[in-house]
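Both ligands and their constituent atoms are indexed starting at 1 by order of listing.
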Amino acid sequence: MELQNKRSFLHRCARSGDLVHAGLVITLLIGVWYAQALEVNTGKVHFIEVMNGSSVLLPCTYASCIGIQNLYFNWQFKDNGTLVKLCEAIIPAEGIEPNVKIHHERVEFVGSSKQSNISILLHNVTFEDQGQYICFARNPKEKDRNHSAVFTLYVVDELKEVDNTLTIIIVSVLGGVIGLIILIMVVKAVVLAILNKVQEKKVPCELFRE
Ligand SMILES: *[C@@H]1O[C@H](CO)[C@@H](O)[C@H](O)[C@H]1NC(C)=O
Ligand SMILES: *[C@@H]1O[C@H](CO)[C@@H](O)[C@H](O)[C@H]1NC(C)=O
Ligand SMILES: *[C@@H]1O[C@H](CO)[C@@H](O)[C@H](O)[C@H]1NC(C)=O
Ligand SMILES: *[C@@H]1O[C@H](CO)[C@@H](O)[C@H](O)[C@H]1NC(C)=O
Ligand SMILES: *[C@@H]1O[C@H](CO)[C@@H](O)[C@H](O)[C@H]1NC(C)=O
């Protein structure tokens, strides 16, 4: 009787172990499923500051573990609340370059499907170009879920270097103060050494006098 109880106990343990395993497998599967979802990314920096009149790269890349098929993407500019489409295209399959429709005279597509890169260049930037740029992508392979990443552009008259001069001033002042302290210490040491020598010489003289 006792042995049987023990066995059934062990059996139950094994069963709960199986449950744990099943749970693990399900968690892993869900994790993999999430990892397979398409991702669009504007990189580590989500904003850039450029001078008016220059050209700027608006970066965007995509990644998908299950692969892409007829991936639709576009770039939009949030102009005073309304979205303006700058360009759009469909990438038929991985590695196949898209035929990009451009809706803006100063936008140039510079991406490459080989690098999953859908970046654009904006030429001759004006102050009106300041704002949010949205890189949007949709992969029909994953039930047409929408993905997007936002990149913010700031347009400035000239790149500020006030912070730099302040840093230079602080460093110079600090350097000067440290230099002065070192100089004072060196002078003090030299003077003390000279005084010591003078006193050493003086002692015999005074001895002679007495
Ligand atoms: C940038 O804007 C300033 C002020 O409007 C203007 O003086 C300057 O010529 C512009 N620079 C370029 C490169 O367009
Ligand atoms: C933004 O749009 C609103 C309403 O459409 C308008 O009154 C406002 O002048 C616009 N602002 C700019 C900077 O264009
Ligand atoms: C940018 O400006 C320069 C000089 O004004 C002009 O020659 C060039 O065609 C412009 N580029 C674009 C893409 O508009
Ligand atoms: C995307 O392509 C552009 C133009 O070739 C390049 O400057 C940029 O570094 C690329 N971005 C990535 C993340 O590879
Ligand atoms: C995806 O975006 C499109 C507009 O481009 C919109 O019509 C659609 O409802 C969105 N779908 C989801 C699931 O958000």
Side-chain angles (χ1 to χ4, degrees), residues 30-169:
I30 289 171
V32 168
W33 186 76
Y34 271 121
Q36 280 175 343
L38 183 75
E39 269 179 53
V40 283
N41 202 334
T42 57
K44 279 179 187 137
V45 181
H46 296 288
F47 69 93
I48 195 168
E49 202 172 75
V50 291
M51 253 181 81
N52 58 329
S54 58
S55 296
V56 63
L57 177 83
L58 304 176
C60 189
T61 57
Y62 60 85
S64 174
C65 293
I66 49 170
I68 58 156
Q69 197 164 34
N70 292 329
L71 175 92
Y72 168 83
F73 76 84
N74 68 29
W75 269 97
Q76 288 164 293
F77 174 53
K78 219 181 210 171
D79 189 12
N80 195 12
T82 59
L83 287 173
V84 179
K85 208 176 279 173
L86 302 176
C87 70
E88 63 186 328
I90 288 174
I91 301 175
E94 255 155 301
I96 298 177
E97 297 302 336
N99 182 15
V100 184
K101 279 194 211 104
I102 310 248
H103 305 298
H104 189 289
E105 67 270 20
R106 286 182 289 115
V107 164
E108 184 190 343
F109 180 75
V110 293
S112 159
S113 293
K114 287 182 187 73
Q115 285 139 32
S116 303
N117 186 334
I118 46 177
S119 306
I120 56 171
L121 264 181
L122 182 62
H123 290 290
N124 295 355
V125 172
T126 67
F127 292 108
E128 283 77 47
D129 293 333
Q130 175 159 306
Q132 288 186 323
Y133 290 79
I134 297 153
C135 174
F136 173 93
R138 192 168 53 213
N139 190 10
K141 244 186 162 179
E142 35 155 333
K143 291 180 184 160
D144 281 348
R145 288 206 322 182
N146 291 339
H147 300 275
S148 62
V150 179
F151 193 80
T152 308
L153 183 70
Y154 296 103
V155 183
V156 293
D157 209 343
E158 52 189 83
L159 293 178
K160 281 168 273 169
E161 276 167 39
V162 180
D163 289 357
N164 253 350
T165 41
L166 194 70
T167 314
I168 289 168
I169 289 170

Mind checking the CG-CD spacing from Leu57 to Glu108? Nearest 0.5 Å is all I need.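 Output value for this atom pair is 10.5 Å.
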Requested in this report: To the nearest 0.5 angstrom, please state how far the OH atom of Tyr62 sits from the CD atom of Gln115.
Outcome: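 Rounded to the nearest 0.5 Å, the OH-CD separation comes out at 10.0 Å.
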With the threshold set strictly below 4.0 angstrom, can you tell me whether any protein non-hydrogen atom sits that near [atom]?
{"atom": "atom 2 (O) of ligand 1", "value": "yes"}
{"atom": "atom 14 (O) of ligand 4", "value": "yes"}
{"atom": "atom 7 (O) of ligand 3", "value": "no"}

Contacting atoms of ligand 3, where contact means under 4.0 angstrom from a heavy atom of Arg106: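 Those of ligand 3 that fall under 4.0 Å from Arg106 are 14 (O).
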Sidechain N-carboxylate O distance under 4.0 Å for Lys114, Glu97
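Salt bridge: yes.
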Q. Looking just at side-chain N and O atoms, do His147 and Glu39 make a donor-acceptor pair shorter than 3.5 Å?
A.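 Not at all, the side chains of His147 and Glu39 share no donor-acceptor pair under 3.5 Å.
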Review point. Are the side chain of Ser113 and the backbone N or O of Ile96 linked by a donor-acceptor pair below 3.5 Å?
Key: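 Yes.
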Worksheet item: Any sub-3.5 Å donor-acceptor pair from Thr42's side-chain atoms to Cys60's backbone N or O?
Response: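 Not at all, since once roles are kept as given, no pair shorter than 3.5 Å links the two residues.
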Considering Thr126, Asn52, Val125, Val156 one by one, which has a heavy atom nearer to atom 11 (N) of ligand 1 than any of the others?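 That would be Asn52.
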For [X], atoms of ligand 4 separated by under 4.0 Å from a heavy atom:
{"X": "Ser119", "answer": "1 (C)"}
{"X": "Asn117", "answer": "1 (C), 2 (O), 3 (C), 8 (C), 10 (C), 11 (N), 12 (C), 14 (O)"}
{"X": "Leu57", "answer": "7 (O)"}

Interfacing atoms of ligand 1 (cut-off 4.0 Å, heavy-atom, Phe127)
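Listed by number with element: 2 (O), 5 (O).
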(request) Identify, for atom 12 (C) of ligand 3, the protein heavy atom at the shortest distance, and state residue, atom and that distance. (result)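 Closest protein heavy atom to atom 12 (C) of ligand 3: Asn124 ND2, 3.6 Å.
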* May I ask you to identify the nearest protein heavy atom to atom 5 (O) of ligand 4, giving residue, atom name and distance to one decimal place in Å? =>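 Checking every protein heavy atom, the shortest distance to atom 5 (O) of ligand 4 gives Val110 O, 3.6 Å.
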Would Thr61 count as being in polar contact with ligand 4, using the rule that some N or O on each side must be under 3.5 angstrom apart?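 No.
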### Message
Is the distance from the ring center of Tyr133 to that of Phe151 below 6.0 Å?
### Response
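No, the ring of Tyr133 stays outside the 6.0 Å limit from the ring of Phe151, centre to centre.
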Would you say the ring centroid of Phe127 lies under 6.0 angstrom from that of Tyr154?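 For Phe127 and Tyr154, the ring centres are not under 6.0 Å apart.
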